[in-house]
Every structure is written in structure tokens, then in C-alpha cells.
Amino acid sequence: MATCSISSGDIDEINDPGAAPYGNFINYYTFNPPENRLSLIPATLLQDLGYRDGHQTTLILDVGCNSGELSVAFYQHLVQESVCQEESDKWKVNLLGFDLDEILIQRAQQNNPRPRSISFIPLDITKDNDQLQDYLDHHGCSHFHLCLCLAVTMWVHLNHGDSGLLQVLSRLASISQHLLLEAQPWKCYRSAARRLRKLGRSDFDHFKTLKIRGDVAEHAREHLETNCGMELIRSFGSTTWERKLLLFKRR
């Protein structure tokens with residue numbers, strides 16, 4: 001997820017990827033491969049949530065998709081290749097991934113093996129939501145059936161403060177029936193700030209003034225349940241990076 005435009009080719013980000021100040025790491029999935037999340041998510045998730053029956057089209061949104069490898073792997077994981085053609089004609093799944101970094105989006109578009117079902121667009125969700133609504137309108141849906149927000153919240157939080165984080169969570173909740181959230185723990189904030197200083201760059205604008213600290217995932221859960229009409233329905237455990245995967249549902 002990127003919240004401000006910077007070059008994806010910055011050599012410092014390759015040597016020390018944790019120092020990227022906006023989360024738009026180049027070659028991100030070489031050091032955090034999709035399997036780190038997919039190993040925790042059942043391949044039957046869409047069916048378990050009731051999206052195999054009664055929905056001609058199921059829409060998935062991937063927030064901060066980077067170069068798209070996880071988007072594609074997630075799609076292939078949830079929409080199994082064994083689904084017969086007759087069934088796939090009745091049950092269509094489309095995925096939209098977005099990131100602010102246009103270079104990463106170009107890479108995702110170029111390497112997309114399923115352009116009829118998966119699409120990628122450049123978008124800054126802190127500023128522009130019209131494209132998401134246009135996508136929903138195009139498919140005749142009022143919301144995305146499943147929204148993936150994986151390792152994105154910290155970058156929004158550091159660059160846009162407490163209010164920016166809560167606004168993005170509220171926005172995603174308003175357009176999603178289910179939200180799969182992976183919020184970075186506070187130790188990741190400290191590491192990101194330390195690595196940024198090590199490279200001699202300016203500190204994050206909001207790091208020292210953030211009031212939402214500690215268990216960020218718990219703060220996010222409280223906000224989603226108290227203010228956004230969602231409820232936590234399942235925890236899939238923690239990734240190898242000790243980050244919880246939490247599934248919320250709109251009440």
C-alpha cells in the first residue's frame with residue numbers, strides 16, 4: 001500500500017525494504033510470499049461465507065495490492081481450478097486490486113494471468129473513492145463481498161495519523177460485506193521509524209503524536225465494531241510475521 005508517490009526503484013528499499021516510508025516496496029513478495037497468508041486461509045472461504053450460492057458475481061477488493069502477486073494467488077486459492085466450467089459460468093468471481101504506486105500497478109497489469117477476472121488500478125484511498133464506486137456500479141453491486149486489507153494499516157496510520165487510519169477503516173467497512181484485516185503490530189511501527197532514520201530520511205509525520213498505540217489490531221476491532229456496524233466472526237491465527245488475520249462481517 002502506498003499513500004504517497006515515490007520511486008519503486010529506490011535502491012535503499014531493495015537493500016533495506018523495511019525502510020520504505022509508504023509501504024510500496026519493490027519485490028515485496030520475495031520476502032513476504034503469499035503463502036504466509038494463504039496457508040492460514042481455507043480455500044473454501046467464499047463458499048463458507050455463502051458466496052457460492054445466490055450470487056452470480058462475487059467481488060473481492062485487495063487494498064494496497066503492490067505488484068499483484070498476492071491478489072492473483074488469493075484469487076487462485078479461493079476460486080479453485082477444479083471448479084467445472086458449467087459451475088463457473090453460474091458463479092463468477094472478480095477481483096480488483098489497487099495501489100497508489102503506478103509503477104507497481106503497471107507491473108501487476110503486465111503480469112496478470114487472468115485479465116478477464118482480475119484487474120488492477122492506481123488509487124489512493126485516502127483521497128479518491130469514486131473509482132471503487134464506479135467499479136461496484138459497473139457490476140451492479142452495492143458493496144464488495146470480501147475486502148482484503150493486509151499489512152496496509154500501518155502505512156496509512158504513519159502518514160495520515162489516527163484520524164486517517166480510522167477514516168480508511170470506516171470507508172472499507174462501508175463498502176464491504178466481509179473484511180479480512182491484517183494490522184501490523186506496534187513493534188513494526190518502531191522498526192519502520194528506526195530504519196527510516198537509519199537511511200537519513202525525515203521521520204514519519206505522525207509517528208510521535210499517534211494516540212492509537214499498543215495492540216493496533218484491537219483498536220481496529222473496537223472501531224469497526226463500535227462505529228462501523230461490523231463484528232469479528234473469525235480469527236485465522238497469526239502469520240509467520242506474528243500478525244493476526246481477522247475476519248469481520250457487516251451486521
Side-chain angles (χ1 to χ4, degrees), residues 1 37-38 40-65 68 70-80 83 87-99 114 117-121 123 125-126 128-153 156 165-183 217-237 243-251:
M1 168 66 177
R37 282 86 168 227
L38 297 183
L40 300 174
I41 304 298
T44 58
L45 178 61
L46 294 180
Q47 296 94 309
D48 296 343
L49 298 179
Y51 293 138
R52 173 63 64 88
D53 301 317
H55 290 276
Q56 185 173 3
T57 300
T58 299
L59 301 182
I60 302 174
L61 180 67
D62 188 8
V63 179
C65 66
L70 180 59
S71 305
V72 172
F74 223 104
Y75 184 96
Q76 294 174 336
H77 182 66
L78 297 183
V79 185
Q80 301 179 44
V83 174
E87 187 173 2
S88 66
D89 289 340
K90 298 178 182 178
W91 181 55
K92 297 184 182 300
V93 179
N94 290 324
L95 183 148
L96 174 66
F98 72 83
D99 198 285
R114 294 174 172 267
S117 302
I118 302 174
S119 54
F120 298 101
I121 60 172
L123 174 71
I125 196 172
T126 66
D128 180 9
N129 297 309
D130 291 342
Q131 291 187 76
L132 298 182
Q133 189 59 53
D134 291 344
Y135 184 87
L136 290 173
D137 292 343
H138 174 75
H139 289 281
C141 294
S142 61
H143 55 260
F144 290 92
H145 300 91
L146 176 62
C147 174
L148 311 176
C149 184
L150 307 176
V152 171
T153 53
V156 174
L165 170 63
L166 298 181
Q167 287 171 6
V168 166
L169 289 174
S170 296
R171 172 58 179 162
L172 295 179
S174 72
I175 60 173
S176 305
Q177 184 67 28
H178 289 89
L179 171 63
L180 182 61
L181 180 69
E182 176 194 357
E218 177 60 21
H219 284 289
R221 182 201 62 78
E222 181 178 356
H223 176 71
L224 289 168
E225 293 191 334
T226 303
N227 303 305
C228 302
M230 302 202 89
E231 61 179 333
L232 178 64
I233 61 171
R234 186 167 179 182
S235 172
F236 293 105
R243 299 175 183 177
K244 299 176 183 177
L245 285 175
L246 304 177
L247 182 63
F248 295 86
K249 178 183 179 179
R250 182 187 296 183
R251 293 193 188 97

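Throughout, numbering of the chain's residues begins at 1 and tracks the sequence.
- Listed by chain and residue number, Ile121, Leu123, Asp128 satisfy the side chain to side chain contact (heavy atoms under 4.5 Å, CB included) test with Gln131 (two or more places apart in sequence, or in another chain).
- Not counting sequence neighbours, the partners of Glu225 by the side chain to side chain donor-acceptor pair (under 3.5 Å) test are Arg221.
- Taking each heavy atom of Asp99 and Cys65 in turn, the nearest pair found is OD2-N, 3.7 Å.
- Residues forming a side chain to side chain donor-acceptor pair (under 3.5 Å) with Asp134 (at least two apart in sequence, or on another chain): none.
- Under the rule for a ring pair (Phe, Tyr, Trp, His ring centres under 6.0 Å), the partners of Phe144 that lie at least two apart in sequence or sit in another chain are Tyr135.
- Applying the side chain to side chain donor-acceptor pair (under 3.5 Å) rule to Ser174 yields no partners; only residues at least two apart in sequence or on another chain are considered.
- Side-chain N or O atoms of His143 include none that pairs as donor or acceptor with a backbone N or O of His178 at under 3.5 Å.
- Within the structure, salt bridge (Lys or Arg N to Asp or Glu O under 4.0 Å) contacts touching residues 167-183 (residues at least two apart or in different chains) are Arg37-Glu182, Glu182-Arg243.
- Under the side chain to side chain contact (heavy atoms under 4.5 Å, CB included) criterion, Ser235 pairs with Leu246, sequence neighbours left out.
- Considering only residues two or more places apart in sequence or on other chains, Asp48 meets the side chain to side chain contact (heavy atoms under 4.5 Å, CB included) condition with Pro42, Thr44.
- Looking only at distances, a side-chain donor or acceptor of Tyr51 sits under 3.5 Å from a matching main-chain atom of His145.
- Looking at Ile175, Leu96, Asn94 one by one, the single match for side chain to side chain contact (heavy atoms under 4.5 Å, CB included) with Leu59 turns out to be Asn94.
- Among residues two or more places apart in sequence or in another chain, the side chain to side chain contact (heavy atoms under 4.5 Å, CB included) test is passed with Ser176 by Cys147.
- In this view, Ser71 and Asp62 satisfy the side chain to side chain donor-acceptor pair (under 3.5 Å) rule, not counting sequence neighbours.
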